J.: 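Have a look at this one.
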Protein chains: 2
Amino acid sequence: MTTEEKIFEAAFKVFQKKGFTGARMQEIADEAEINKAMLHYFFRSKERLFEAVFMNAFGKLAPQINGIFNSDEALFEKIKKFTDSYISFVMEYPFLPQFIIQEMNNNPEFVTKFLKDEKRPDPTKILKQIESEIELGLIKPIPPKQLLLDVFSMTVFPFAAQTLVKGIINISDEEFFQLMEERKIHISEQIINAIKK
Amino acid sequence: MTTEEKIFEAAFKVFQKKGFTGARMQEIADEAEINKAMLHYFFRSKERLFEAVFMNAFGKLAPQINGIFNSDEALFEKIKKFTDSYISFVMEYPFLPQFIIQEMNNNPEFVTKFLKDEKRPDPTKILKQIESEIELGLIKPIPPKQLLLDVFSMTVFPFAAQTLVKGIINISDEEFFQLMEERKIHISEQIINAIKK
DNA sequence: TTTAGGTTTAACCATTTGGTTAACAAAAAT
DNA sequence: ATTTTTGTTAACCAAATGGTTAAACCTAAA
């Protein structure tokens with residue numbers, strides 16, 4: 001592994017855990033087991049290093065979402081695939097959603113930046129699809145944006161609010177993972193039950 | 001308004017916007033229009049000031065949740081009341097959910113601390129109620145914790161991930177508020193549709 | 001009117017933090 | 001073989017940051 005890769009991995013880890021303002025360059029250097037000056041040699045500044053990490057994190061999630069939402073399958077099929085594959089993926093990076101949401105909130109100017117990215121999630125197609133399936137009488141009439149929000153909320157929230165959720169319903173890490181595993185099918189079942197005619 | 005109150009309000013504002021690590025004592029002092037030394041005079045340290053703010057924020061939400069979840073009404077009634085009153089309340093403090101979730105994630109030791117608080121949300125009763133309504137055949141069989149997570153996710157997520165949501169579905173602040181207004185009844189309708197027999 | 005109490009301020013301090021520099025080593029190019 | 005480029009390190013720096021202090025300033029009771 002090259003030094004640059006070591007730095008990137010370490011930065012990914014530290015930023016994810018502490019956030020941008022909470023992370024320390026020295027801590028990243030220690031984690032990567034290299035001299036702090038190397039961080040600046042390869043990435044110039046904390047901001048740039050963070051941006052590299054953030055965009056990479058975002059880039060991991062977005063294409064997957066788009067791939068499913070912009071395919072040509074039926075709505076029910078898309079919802080099933082999305083919940084299943086999103087949860088599977090995120091279980092490998094359980095802190096990614098909260099990291100992205102947090103830094104997005106603390107840094108709203110990022111939104112503008114990433115909205116220009118071609119990899120950004122674009123809900124246009126699936127929103128139209130929902131409308132048309134309603135007109136065709138395949139599902140109950142429902143505001144398309146609400147339905148989309150429902151799917152996202154139910155899938156992403158438990159990870160984004162992980163610590164709180166574990167604390168309130170009082171479960172261990174393993175139980176949390178089991179719950180998420182169960183949730184892969186639970187979510188699509190719930191949603192489909194709610195909107196099917 | 002006393003100086004202490006001015007400080008508290010300013011701290012509430014700044015911490016909520018920047019998080020613990022991102023907030024600066026000087027910025028809080030400026031916001032409160034007082035001398036920085038006063039912060040330490042009244043609150044001793046950044047940690048203590050933050051804790052006061054955080055616990056107050058949490059204390060605003062928790063009793064409300066408990067009040068509804070631990071009442072003696074039917075499940076459907078509770079769900080309706082919860083989504084409606086939670087969203088109404090949070091629309092007045094739109095950054096409270098993300099603040100609590102974020103600091104909880106960055107500071108997992110807080111969990112231990114607030115779990116000892118008598119005001120903490122306790123889902124025991126409503127979880128039992130769900131079980132019993134299933135046994136009585138009033139609703140479809142469903143893992144109680146999943147149902148609880150569903151309600152929370154759909155209600156809290158849009159606020160917690162506000163910036164991201166606005167960016168992705170491309171809506172203004174006003175449209176967001178309209179969407180949340182609509183959501184007050186949408187959520188309970190969806191959930192009840194999904195679980196009613 | 002004095003005085004004792006809390007309140008407020010400006011100046012100061014030690015530490016932390018992101019970032020730089022200059023010397024040095026290793027590899028690549030000539 | 002020598003020069004040039006790239007990678008690496010330790011020491012250093014200025015600015016920012018949380019926190020302190022000692023004196024000044026009220027103000028209400030004695």
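Numbers restart at 1 for each chain; the letters A, B, ... are given by sequence-line order, proteins then strands. Just so you know, these numbers come straight off a predicted model, no measurement behind them. Note: hydrogens, waters and symmetry copies are ignored here, and every other heavy atom, side chains too, is used.
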J.: Protein-nucleotides 7-10 of chain C N/O pairs closer than 3.5 Å?
T.:
from, atom 1, to, atom 2, distance (Å)
dT7(C), OP2, Y41(B), OH, 3.1
dT8(C), OP1, T3(B), OG1, 3.0
dT8(C), OP2, T3(B), OG1, 3.0
dT9(C), OP2, N35(B), N, 3.4
dA10(C), N7, N35(B), ND2, 3.3

J.: Supply the atom-to-atom distance K196(A) NZ to L75(A) CG, rounded to the nearest 0.5 angstrom.
T.: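 One finds 14.0 Å between NZ of K196(A) and CG of L75(A).
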
J.: In this structure, how many angstroms lie between the P atom of dG18(D) and the CZ atom of F43(B), rounded?
T.: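 Roughly 16 Å, once rounded to whole Å.
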
J.: What ring pair (Phe, Tyr, Trp, His ring centres under 6.0 Å) pairs are there with at least one residue in residues 139-166 of chain B, not counting sequence neighbours?
T.: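 Checked against ring pair (Phe, Tyr, Trp, His ring centres under 6.0 Å) - neighbours excluded - the pairs reaching residues 139-166 of chain B are F69(B)-F152(B), F82(B)-F152(B), F159(B)-F176(B).
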
J.: Within 45° of the ring axis of F12(A) and under 6.0 Å from its six-membered ring centre, is that where the NZ or CZ of K60(A) lies?
T.: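 Yes, K60(A) lies over the aromatic ring of F12(A).
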
J.: For the residue pair E4(B) and T2(B), confirm or rule out a side-chain donor-acceptor distance under 3.5 Å.
T.: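 Their side chains do not contain a donor-acceptor pair, so the 3.5 Å distance test is not met.
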
J.: Over how many whole Å does the gap from L39(B) atom CG to dG19(D) atom C1' extend?
T.: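 Interatomic distance, CG of L39(B) to C1' of dG19(D): 11 Å.
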
J.: Kindly check if the number of other-residue, nucleotide or ligand heavy atoms within 6.0 Å of CD (E109(A)) is above 12?
T.: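 Above 12, so yes.
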
J.: Among residues two or more places apart or on two chains, list those pairs meeting side chain to side chain donor-acceptor pair (under 3.5 Å) that have a residue in residues 175-190 of chain A.
T.: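 Non-adjacent pairs meeting side chain to side chain donor-acceptor pair (under 3.5 Å): S88(A)-K184(A), S172(A)-E175(A), E181(A)-K184(A), E182(A)-Q146(B), R183(A)-Q146(B), R183(A)-D150(B), H186(A)-D150(B), Q190(A)-D150(B).
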
J.: Counting only heavy atoms and a strict 4.0 angstrom limit, can you tell me which residues of residues 14-32 of chain B come near DNA chain C?
T.: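 Residues of residues 14-32 of chain B that come under 4.0 Å of DNA chain C do not exist, since none gets that close.
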
J.: Can you sort out the partners of K17(A) under side chain to side chain contact (heavy atoms under 4.5 Å, CB included), two or more places apart, ordered by chain and number?
T.: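 If we apply the side chain to side chain contact (heavy atoms under 4.5 Å, CB included) test to K17(A), skipping adjacent residues, there are no hits.
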
J.: With side chain to side chain donor-acceptor pair (under 3.5 Å) as the rule and sequence neighbours excluded, what pairs involving residues 46-55 of chain B come up?
T.: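 Sorted result for residues 46-55 of chain B: E51(B)-K113(B).
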
J.: Let me know the distance between CZ of R48(A) and C1' of dG18(C), rounded to the nearest Å.
T.: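 Going from CZ in R48(A) over to C1' in dG18(C) covers 15 Å.
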
J.: Taking NE2 from H40(A) and C1' from dA22(C), how many angstroms apart are they, rounded to a whole number?
T.: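 Going from H40(A) (NE2) to dA22(C) (C1'), I get 17 Å.
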
